[in-house]
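Everything on this sheet refers to the single structure shown next.
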Amino acid sequence: MTLEPSGFSFENTFANALEGFYVPIEGHLAPAPKLVKLNEDLAGDLGIATDFLRSETGVNILSGKQKANGSSPLAQAYAGHQFGGFSPSLGDGRAMLLGEIIDRQGNRRDIQLKGSGQTPFSRGGDGKAALGPVLREYIISEAMHALDIPSTRSLAAVTTGEQVYRETALPGAVLTRVASSHLRVGTFQFFAARGQEDKVRQLADYAIERHYPELLGNPDKYLGFLKSVIQRQASLVAKWMSVGFIHGVMNTDNMTISGETIDYGPCAFMDTYKSNTVFSSIDEMGRYAYRMQPVILQWNLARLAECLLFLFDADDRDNAVHIATEEINAIPEIYDTFWLAQMGRKIGLKETNDQDKHLINDLLEIMEEQKADFTKTFRSLSQVLDSDKNAFLSQFQNLASAQEWLVGWQKRLETEKSNAQDQITLMNTVNPVYIPRNHLVEEALETTVSSDDFKPFEQLLAILKNPFERQFEADRYEQGASDDFGPYVTYCGT
């Protein structure tokens with residue numbers, strides 16, 4: 001790769017502090033890279049000039065063709081439990097970390113290319129990505145950000161000027177992904193599985209300094225680290241559940257230490273509420289179904305705790321296990337607290353109590369029995385307080401059960417100190433009008449890939465940028481898929 005000046009101001013703390021945790025690599029020489037989407041708002045937040053990113057040099061860097069000045073391109077090593085089975089050596093098989101930059105808010109952010117070519121972790125794959133999956137991650141990750149759900153972000157999508165071969169030939173592309181870091185539970189597992197306690201400690205120290213600096217100097221910083229990751233991940237999964245999001249591949253290598261959502265492969269949002277919804281083609285047993293996500297949250301974090309046991313008590317393993325077990329056993333209650341607060345706001349409650357959990361679950365049970373649309377049901381609740389029950393009741397076939405629930409709900413709201421308008425405002429700031437409806441995502445991707453027409457993609461992105469505000473002439477973006485859309489299935493790599 002040719003070295004030329006770049007508009008990035010890279011730092012490389014991961015590369016400099018964690019030698020042996022990665023393999024230096026070079027990107028694929030894309031024959032004719034072309035910028036097809038640039039996130040100008042994100043570029044501004046990162047302090048990167050859009051003129052540079054649009055330049056030939058900028059596009060070459062975003063494709064992996066050209067090395068950016070100051071970067072140390074690498075593929076990170078990690079392991080992971082995939083659908084319950086442990087893989088001791090995974091790593092970045094089609095991703096390249098360029099380095100880190102400090103954004104305008106003073107936060108350190110990774111800049112990574114996804115689809116930039118083979119690495120030593122590719123395991124026989126070509127390390128490349130097709131345009132459809134790249135744009136899909138762009139749509140979903142930016143929608144998650146707009147929904148106020150911690151997530152990796154998408155800075156740019158670049159086509160490479162070559163075809164990649166899956167079941168058929170597809171246009172190749174590279175996504176530029178931005179993250180607080182790409183440290184995962186699986187990163188710890190890689191070294192713990194090899195008995196390399198020194199490296200586990202080194203990684204924990206790095207993660208604490210980068211993500212939880214308030215723990216520095218704390219004699220129990222490693223236990224504090226586990227507690228902090230638990231808090232962030234419990235909050236994250238509660239937010240997923242509150243918008244009907246199914247990640248689809250909650251492997252330990254896809255759980256970040258920072259608490260951001262990562263890897264938008266077989267993920268999707270529910271239209272009709274069904275608690276055991278699964279979209280992934282390979283999740284035949286429903287391990288990562290919607291209702292299972294809080295359970296897998298605890299399971300994954302138990303795997304992290306196992307890696308850290310010697311840091312809790314180096315001399316008494318039984319005591320270390322006891323300490324870790326207490327933290328892991330506390331996760332359901334921690335998660336429930338986040339979930340209840342999040343769902344409480346969705347029904348207009350600033351403060352919640354244990355009885356509210358029954359109220360919320362009663363509504364979900366009715367919704368599931370009557371196949372109500374998750375997003376539309378919750379959004380329409382605020383209209384009830386504005387003397388319009390029609391939109392809410394239209395989601396149900398049996399009006400009696402829905403009306404009975406409304407009576408109990410309104411009695412509960414009367415105990416709140418807020419007035420109706422405040423409750424409406426609260427609900428409308430957490431209940432989106434728009435989510436990335438699966439049929440709309442597929443429509444946009446199909447049109448883009450088959451016809452090189454980015455208009456539906458751009459229109460969908462524009463709608464999703466403001467998910468809580470009803471937009472002019474955007475009714476179709478509120479609607480679920482028609483019956484002829486059929487069961488929706490997603491695939492890894494998409």
So, are [X] and [Y] salt-bridged, with charged N and O less than 4.0 Å apart?
| X | Y | result |
| --- | --- | --- |
| Lys221 | Asp205 | yes |
| Arg109 | Asp103 | yes |
| Glu306 | Arg303 | yes |
| Glu11 | Arg108 | yes |

With no hydrogens and no angle check, do the side chains of [X] and [Y] hold a donor and an acceptor under 3.5 Å apart?
| X | Y | result |
| --- | --- | --- |
| Arg232 | Ser235 | no |
| Tyr335 | Gln233 | no |
| Ser382 | Asn428 | yes |
| Ser154 | Glu142 | no |
| His182 | Gln112 | yes |
| Lys389 | Gln403 | no |
| Asp271 | Tyr488 | no |
| Ser380 | Gln395 | no |

Please lay out, stage by stage, how Leu223 and Phe312 fare under the test side-chain contact (heavy atoms from CB on, under 4.5 Å).
CA-CA 6 Å; Leu223 181 58; Phe312 302 151; 4.3 Å; yes
Between atom [atom1] of [X] and atom [atom2] of [Y], what is the distance when rounded to the nearest 0.5 Å?
| X | Y | atom1 | atom2 | result |
| --- | --- | --- | --- | --- |
| Gln189 | Ser89 | CD | OG | 12.5 Å |
| Ser180 | Ile262 | OG | CD1 | 10.5 Å |
| Ile360 | Leu363 | CD1 | CG | 8.5 Å |
| Leu359 | Arg412 | CG | CZ | 8.0 Å |

I'd like to know whether the aromatic ring centres of Phe188 and Phe225 sit less than 6.0 Å apart in this structure.
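That pair passes the under 6.0 Å test.
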Does the ring center of Phe190 lie less than 6.0 Å from the ring center of Phe21?
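No, the ring of Phe190 stays outside the 6.0 Å limit from the ring of Phe21, centre to centre.
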Show, in sequence, the C-alpha distance, side-chain angles and deciding distance for Asp110 and Val178, and conclude whether the side-chain contact (heavy atoms from CB on, under 4.5 Å) test is met.
CA-CA 5 Å; Asp110 276 2; Val178 180; over 6 Å; no
Identify, with sequence neighbours excluded, every residue that meets side-chain hydrogen bond (donor to acceptor under 3.5 Å, both in side chains) alongside Gln370.
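Partners of Gln370 by the side-chain hydrogen bond (donor to acceptor under 3.5 Å, both in side chains) criterion, ordered by chain and then number, come out as Ser401.
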Write down the atom of [X], the atom of [Y], and the distance for their closest heavy-atom approach.
| X | Y | answer |
| --- | --- | --- |
| Gln76 | Phe121 | O-CE1, 3.6 Å |
| Asp373 | Thr377 | O-OG1, 2.6 Å |
| Ser242 | Phe374 | O-CE2, 3.3 Å |
| Leu215 | Gly224 | CD1-C, 3.5 Å |
| Leu464 | Ala143 | CD1-CB, 4.1 Å |
| Ala305 | Ala324 | CB-CB, 4.1 Å |

Would Thr152 and Tyr264 satisfy side chain to side chain donor-acceptor pair (under 3.5 Å), going step by step from the backbone distance to the final call?
CA-CA 10 Å; Thr152 59; Tyr264 292 97; 4.8 Å; no
Around atom [atom1] of [X], are there more than 12 heavy atoms of other residues, nucleotides or ligands at under 6.0 Å?
| X | atom1 | answer |
| --- | --- | --- |
| Gln479 | CD | yes |
| Lys357 | NZ | no |
| Asp354 | CG | no |
| Arg194 | CZ | yes |
| Glu404 | CD | no |
| Gln105 | CD | yes |

Worked verdict on Tyr290 versus Lys274 for side-chain contact (heavy atoms from CB on, under 4.5 Å)
CA-CA 8 Å; Tyr290 172 80; Lys274 187 177 179 183; over 6 Å; no
Please check: side-chain N/O of [X] versus main-chain N/O of [Y], any donor-acceptor pairing under 3.5 Å?
| X | Y | answer |
| --- | --- | --- |
| Asn431 | Met427 | yes |
| Gln293 | Phe245 | yes |
| Asp92 | Arg94 | no |
| Asn254 | Asp263 | no |

Report yes if the side chains of Leu113 and Leu175 come closer than 4.5 Å at any heavy-atom pair, otherwise no.
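Sidechains of Leu175 and Leu113: no contact.
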Please name the residue in the list Met343, Lys239, Arg345 that meets the side chain to side chain contact (heavy atoms under 4.5 Å, CB included) test with Val430.
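It is Arg345; the other options fail the test.
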Residue pair Lys417, Glu351: steps toward the salt bridge (charged side-chain N to carboxylate O under 4.0 Å, His left out) verdict
CA-CA 10 Å; Lys417 296 180 181 180; Glu351 303 292 336; over 6 Å; no
Distance to the ring centre below 6.0 angstrom and angle to the axis at most 45 degrees; does that hold for Arg184 and Tyr78?
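Yes, Arg184 and Tyr78 form such a contact.
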Could you check whether Arg136 makes a cation-pi contact with Tyr138, meaning its NZ or CZ is under 6.0 Å from the centre of the six-membered ring and within 45° of the ring axis?
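Pair Arg136/Tyr138 does not count as cation-pi.
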Any chance you could lay out the salt bridge (charged side-chain N to carboxylate O under 4.0 Å, His left out) test for Glu416 and Lys350, step after step, and finish with the verdict?
CA-CA 8 Å; Glu416 290 276 285; Lys350 287 184 178 179; over 6 Å; no
Using the ring of each side chain (for Trp, its six-membered ring), is Tyr22 parallel, tilted or perpendicular to Phe14, with breaks at 30° and 60°?
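Tilted: the ring planes of Tyr22 and Phe14 meet at 30° to 60°.
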Return the orientation label for the Trp299 and His81 ring planes: parallel under 30°, perpendicular over 60°, tilted otherwise.
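Correct class here is perpendicular.
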Given the rule in the salt bridge (charged side-chain N to carboxylate O under 4.0 Å, His left out) test, do Glu478 and Arg437 qualify, once you have shown the distances and angles that lead to the verdict?
CA-CA 8 Å; Glu478 296 185 46; Arg437 299 271 183 181; over 6 Å; no
Determine whether Met144 and Phe269 satisfy the following criterion, side-chain contact (heavy atoms from CB on, under 4.5 Å), listing intermediate values before the conclusion.
CA-CA 11 Å; Met144 294 288 273; Phe269 286 74; 3.7 Å; yes
Under the side chain to side chain donor-acceptor pair (under 3.5 Å) criterion, do Ser151 and Glu260 qualify, and how do the steps go?
CA-CA 4 Å; Ser151 174; Glu260 290 181 330; over 6 Å; no
Evaluation steps, side chain to side chain donor-acceptor pair (under 3.5 Å), between Thr261 and His247
CA-CA 9 Å; Thr261 314; His247 184 278; over 6 Å; no
Could you point out which residue of Glu100, Arg210, His211 forms a side chain to side chain donor-acceptor pair (under 3.5 Å) with Ser181?
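Of the listed options, the one satisfying the test is His211.
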